[in-house]
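What follows is a set of notes on a single structure, which appears directly below.
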Amino acid sequence: MKKIIYMAGVLLICLSSCTKNFDKLNTNPNTFLSPDFDPVMSYVFKQTTDQMENDNWGYFWEYGHIIDPYAERYLTGDNSRWNTYYINVLGNLRQLKKLYGTNPGFTNRMAIAQIWECYIYYQLVATYGPVPYSQAGATTPVILYDDENTIYTALLSKLKASSTAIVLTGDDMTTDLIFGGNLTKWQKFANTLRLKIALNVQKNLPSLAASNIQDVMSNEALLPQSDADDAIFTYGTASGSQSAYFNHYVLNESAANAVKQSGGPIMSDYAFTYFRSYNDPRLGAYFNPAQVPIAIKDTLTSTADAFHYIVTYTIPHLGTPKSLSVLAQWNLGTQIFQGSLNYITNFSTLPGLTQLPVTTNSGINLLAANRPFYHSTYADVCFMKAEANMLGFGGTQSAQAYYTAGINANFAFWGLTAAQATAYEAQNGIAWSTAGHGFNYPLGFINTSIPADNMTKIWIQQWMNSYGDGAFDAWCLQRRTQNLILPPHTNPGAPNLLQSTYADLPDRWNYPVAETSVNPVGAADGTKKLGGSDYPTTVLQFAKTYTHTNWATVVAFYDDSYIQKWYGTTIQQVQAVPNIKYTVLSQY
């Protein structure tokens, strides 16, 4: 059993057939067939994508603060990501290198395998910090870890070499589940990863980051030009081929019951406040209306008289807070918080409830069995190019043009119109070099006003674009920029050493417990290279150093402004809404 996670002799897990339609794939993990390159890569692609979806609903959606998977507690990982990547993915890629690495007929295939290997190692080093890299797969009694800078340096070099090694007239995979055999798109994906990694390591490897960003930006033709270049894994509807989101939230019996009761993963109130602050139509594109629309109390004027009308009416969307608990030091008079419950009129009429049912919140639209997973999107590339240009690293367009192109691409991706994008982009805070006034977070101590600073705008839009599959990128973006002021988790699963009643966003994952027992010398080596602390609060080298807020000392207050005036400021505007349920309580 010793060193099982790094055994060089990992068996090739192959598939009996491979087509772009994953319905036809046999994905039985216990089947070991011929070591043909293409079916092994198909298995590697699916294992990677399934794991990323599992980690999204288990961890990264919550870290991203757009989707709340419901009942999570800022947990910091398990053995699954480590084992899947080192055994099922990297182990098989390592064996393919041994079998085909010197075969001139597999030049492109090997370049693709190396691009994917870099993709996996990037996720590992950005999750844990130092990890096994140069010695991964060795059969020695001890597997030492490589430090972050060593790994990032190697990845950037290999990605450039892999993109260059691809010969467009050469071999391609007969069944490529990501790009359908399009070798140019693989070059673009390699350069997308180079740009992403280089932007991430500007703090710890500034010279290397600059040279790679400039190199990639000097040849934009080898970056994605539209969503046609997105890196997509397409799931199917047949048993065994569905997405991990679907399997967990729809097929899994216990989870399915929870979905029926709770609405499943739902919108966070943090993102909701941004949506409301800037009349963002992505609110309805990202999220489904609440199963049970909640009624709020509001005060409206009238165009017919001089009275003010106190009314109640239902609203279609509502976000959920990071936790139901409020800190005792805030002196808010209750230990339960769900949205602005003090202002929601039918909260007290629901017998026996201590909190609002989350069926009053807006659920995600990502749970179809065959919904594709997007490993990269054109919009994300646009925002990266905007940042690169802002930093003076080149580009054929201005930073503003890249920024606008990113918003337009994101809107189009979610089926919104060009007119909606234009209206959104014209608002103060969204328009280039303008400051916008946002609402307070429901507990008052965070405000969503966007300053005139343009780099801030780029990062906010890149964060908004992470909805769905890009939650890991959102976590990386926040750690390296500290751009968003995120609310604390006031009912954490594992409070850190600095915080007893709340927790901030984890800075990394702890090394798996199994690794510390199977490879204790190696794990100790990794901890030493971390600086001596294998904690979720240990800041990785690429991340921005920051001071934790003492959330117990902030001034908190209920503020429902973000849900007020939903349909307008007058009672006539409410009356004009089709099928609206409203009641006039009084007038003055």
Side-chain angles (χ1 to χ4, degrees), residues 263 266-284 286-321 324 326 332-334 336-351 353 355-363 423-424 427-429 436-449 487 556-588:
I266 50 186
M267 173 173 51
S268 78
D269 60 352
Y270 183 76
F272 184 40
T273 308
Y274 269 96
F275 286 132
R276 289 287 295 152
S277 292
Y278 300 98
N279 302 306
D280 195 330
R282 287 174 292 189
L283 170 61
Y286 287 2
F287 294 96
N288 300 319
Q291 297 179 35
V292 182
I294 202 71
I296 67 168
K297 185 187 296 184
D298 204 351
T299 301
L300 305 173
T301 59
S302 172
T303 58
D305 53 51
F307 288 109
H308 288 75
Y309 291 80
I310 299 176
V311 302
T312 65
Y313 54 80
T314 56
I315 59 174
H317 292 283
L318 188 67
T320 190
L324 298 175
V326 297
L332 293 177
T334 177
I336 297 296
F337 171 63
Q338 173 73 36
S340 293
L341 63 85
N342 288 3
Y343 305 93
I344 295 174
T345 60
N346 60 347
F347 174 76
S348 60
T349 66
L350 301 173
L353 285 179
Q355 64 187 65
L356 286 173
V358 294
T359 46
T360 60
N361 299 112
S362 304
Y424 175 76
Q427 299 176 91
N428 286 338
H437 179 69
F439 288 118
N440 285 332
Y441 180 68
L443 283 174
F445 49 70
I446 295 172
N447 184 273
T448 55
S449 294
F557 54 93
Y558 289 126
D559 188 345
D560 72 332
S561 300
Y562 73 121
I563 56 174
Q564 298 293 288
K565 310 296 184 286
W566 190 280
Y567 301 106
T569 60
T570 69
I571 190 170
Q572 285 78 18
Q573 288 172 303
V574 171
Q575 292 169 336
V577 179
N579 303 315
I580 187 70
K581 295 179 180 180
Y582 76 97
T583 301
V584 177
L585 300 178
S586 62
Q587 64 188 60
Y588 63 92

Just by modelled atom types, is the [Y] backbone N or O under 3.5 Å from a matching donor or acceptor in the [X] side chain?
X: Ser277; Y: Phe439; value: yes
X: Asp269; Y: Leu318; value: no
X: Thr299; Y: Ile310; value: no
X: Lys297; Y: Tyr313; value: no
X: Arg276; Y: Leu283; value: no

Heavy-atom pair with the smallest gap, counting every atom of [X] and [Y]:
X: Tyr278; Y: Gly429; value: CE2-CA, 4.5 Å
X: Ala304; Y: Ser302; value: N-OG, 3.0 Å
X: Asp559; Y: Asn440; value: OD2-ND2, 2.8 Å
X: Phe272; Y: His317; value: CZ-O, 3.6 Å
X: Lys565; Y: Thr569; value: CD-CA, 4.0 Å
X: Gln427; Y: Asn279; value: OE1-ND2, 3.2 Å

Report the relative orientation of the aromatic rings in Phe275 and Tyr286; use parallel for angles under 30°, tilted for 30 to 60°, perpendicular for over 60°.
perpendicular
Would you call the rings of Tyr441 and Phe445 parallel, tilted or perpendicular if under 30° counts as parallel and over 60° as perpendicular?
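Tilted.
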Roughly how far, to the nearest 0.5 Å, is [atom2] of [Y] from [atom1] of [X]?
X: Ser362; Y: Ile315; atom1: OG; atom2: CD1; value: 8.0 Å
X: Tyr309; Y: Thr301; atom1: OH; atom2: OG1; value: 10.0 Å
X: Thr570; Y: His308; atom1: OG1; atom2: NE2; value: 11.5 Å
X: Leu300; Y: Asp298; atom1: CG; atom2: CG; value: 4.5 Å
X: Ile571; Y: Phe307; atom1: CD1; atom2: CZ; value: 12.0 Å

Go through Thr273 and Thr448 one step at a time and tell me if the side chain to side chain donor-acceptor pair (under 3.5 Å) criterion holds.
CA-CA 7 Å; Thr273 308; Thr448 55; over 6 Å; no
Under a 4.5 Å cut-off applied to non-hydrogen side-chain atoms, are His437 and Asn428 in contact?
no
Within-4.5 Å side-chain heavy-atom neighbours: Val577 and Tyr582:
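No; the side chains remain at least 4.5 Å from each other.
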